[in-house]
Amino acid sequence: MDYFLTEEQQMIVDIAAQISDERIIPRRAELDESHTFPREILNEMARADLFGISLPEEYGGLGGGCFDIVLAVEQFGRGCVGVGTAFAANYLGCFPILLGGSDEMKKRYLPQVVAGEKFAAFGLTEANAGSDASGIQTTAVADGDEWVLNGTKQWITNGGEADFYSIVAMTDRSKGPRGASMFVVEAGDPGFSCGPKEKKMGIRASATTELIFKDCRIPKDRIIGRAGTGFITVMKTLDLSRPGIGALAVGLGQGALDEAVRYAKQRQQFGRPIITFQAVQHLLADMAIGVETARAMVYAGARHIDAHPKQMSKVSAICKTFATDMAMKVTTDAVQVMGGYGYMCEYPVEKMMRDAKILQIYEGSNQIQRNVIGQELNREYA
Ligand SMILES: Cc1cc2nc3c(=O)[nH]c(=O)nc-3n(C[C@H](O)[C@H](O)[C@H](O)COP(=O)(O)OP(=O)(O)OC[C@H]3O[C@@H](n4cnc5c(N)ncnc54)[C@H](O)[C@@H]3O)c2cc1C
């Protein structure tokens with residue numbers, strides 16, 4: 001389908017697609033098997049200016065928006081969701097600074113990310129605070145010219161690989177959710193360390209670790225915005241980022257459809273290619289319907305967010321939920337089309353099916369997204 005992209009947008013798609021085809025796809029099985037973080041591929045993305053797509057020009061970025069970033073992320077999702085997640089989590093780590101940080105803070109961190117010199121991550125989740133983020137236990141206490149952080153974050157993407165982390169901690173527990181604040185913690189800050197890499201079902205090229213703060217001391221000016229605004233910044237960050245998860249899902253669905261069609265055309269049973277059986281054609285047709293409708297939704301949602309940045313939550317949740325549920329179904333059906341071969345590791349669809357599952361869980365599970373959509377509907381129809 002023609003989405004009438006501008007010349008610049010088409011250029012983003014072409015560059016990202018080239019990196020996906022030439023650098024990601026040939027290495028994705030090996031990266032997955034060896035749980036290897038794709039540092040060289042990310043460096044290549046940075047050299048192609050893709051780390052700056054949606055960061056403002058004054059900080060060295062290309063000044064694009066949510067739609068521009070979605071176009072690149074989709075191509076990386078087509079190649080490997082593990083690599084795409086590492087790329088997307090870098091933006092996730094930058095968004096709190098972009099949305100809530102001072103000009104000085106933006107100048108300090110964002111140009112280095114654009115140049116590929118620094119890499120970012122985002123730390124909210126803890127062992128007892130997943131969907132219910134208000135349960136976080138990590139604290140930050142002011143002490144002279146410093147903040148002292150204590151606590152442990154869990155399952156943080158790019159953990160151990162990032163140079164700085166946008167993290168959430170309670171600065172005043174008595175104020176409940178209004179007592180949370182965001183901070184930038186740098187790798188090497190005293191009292192800060194990362195746990196070992198988690199072993200995961202999928203997205204194994206991405207690194208997932210704990211972030212451990214033991215009397216971690218950081219300068220006073222590392223707070224993002226004002227004390228107490230932490231959860232507002234978190235919600236805005238995730239609203240801005242979730243269409244990107246939808247885009248990873250669209251790319252993944254497209255990749256699975258491509259594999260399934262190619263296979264169905266060459267696999268012969270009962271003396272003819274299996275694509276000539278109507279039952280197989282209908283499976284493929286439903287996969288194509290899912291991928292294209294999710295793409296249209298994610299593109300439209302991202303464009304809406306660029307035009308109406310104050311009305312993000314519902315649209316962003318719809319993009320994430322619809323596209324990621326589609327990717328789970330389409331990758332499962334791709335394995336079905338390919339039969340026993342689809343189940344074998346020598347074909348890429350088993351990895352795609354494993355990778356799809358996390359998209360329905362992280363950045364807010366799809367049940368939580370449905371809660372967000374339902375609450376917005378309740379408000380809209382008041
Ligand atoms: C590989 C990976 C990478 C991640 N990367 C990051 C990262 O970079 N930064 C970060 O901060 N976090 C990250 N996370 C954490 C992720 O965002 C959480 O796992 C997610 O928000 C869900 O929290 P939970 O796993 O604790 O599940 P829980 O909150 O315990 O939920 C368990 C189940 O209950 C359901 N549920 C819970 N509450 C409700 C409710 N009110 N209504 C309906 N259903 C409900 C959920 O949908 C889910 O199905 C990552 C997680 C993984 C696995």
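One-based numbering, in listed order, for ligands and for the atoms of each. Computed over heavy atoms, backbone and side chain alike; hydrogens, waters and symmetry mates excluded. These numbers were taken from a predicted model, which means no experiment stands behind them.
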Discussion item. Under 4.0 Å from atom 12 (N) of ligand 1, is there at least one protein heavy atom?
Written reply: yes
Discussion item. Show me which atoms of ligand 1 lie under 4.0 Å from any heavy atom of S365.
Written reply: 46 (C), 47 (O)
Item to complete: Determine whether the side chain, the backbone, both or neither of K153 has a heavy atom under 4.0 Å from any heavy atom of ligand 1.
Response: neither
Worksheet item: With only distance considered, is F122 within less than 3.5 Å of ligand 1 through an N or O on each side?
Response: yes
Discussion item. Aromatic contact between F87 and Y91, with the criterion being ring centroids under 6.0 Å apart: yes or no?
Written reply: yes
Worksheet item: Counting each atom of ligand 1 from 1 as listed, which ones have a heavy atom of I156 under 4.0 Å away?
Response: 7 (C), 8 (O), 9 (N), 10 (C), 11 (O)
Worksheet item: Any non-hydrogen protein atom below 4.0 Å of atom 6 (C) of ligand 1?
Response: yes
Discussion item. Checking contacts here: is it the side chain or the backbone of N366 that comes within 4.0 Å of ligand 1, counting heavy atoms only? Could be both or neither.
Written reply: neither
Fill in: Side-chain donor-acceptor pair present, Q367, R370, cut-off under 3.5 Å
no
Worksheet entry | Backbone or side-chain N or O of T208 under 3.5 Å from ligand 1 N or O | no
Discussion item. We want to know whether T85 and S206 form a side-chain donor-acceptor pair, criterion being a heavy-atom distance below 3.5 angstrom.
Written reply: no
Practice prompt. Say whether W155, considering both its backbone and side-chain N or O atoms, lies within less than 3.5 Å of an N or O atom on ligand 1.
Written response: yes
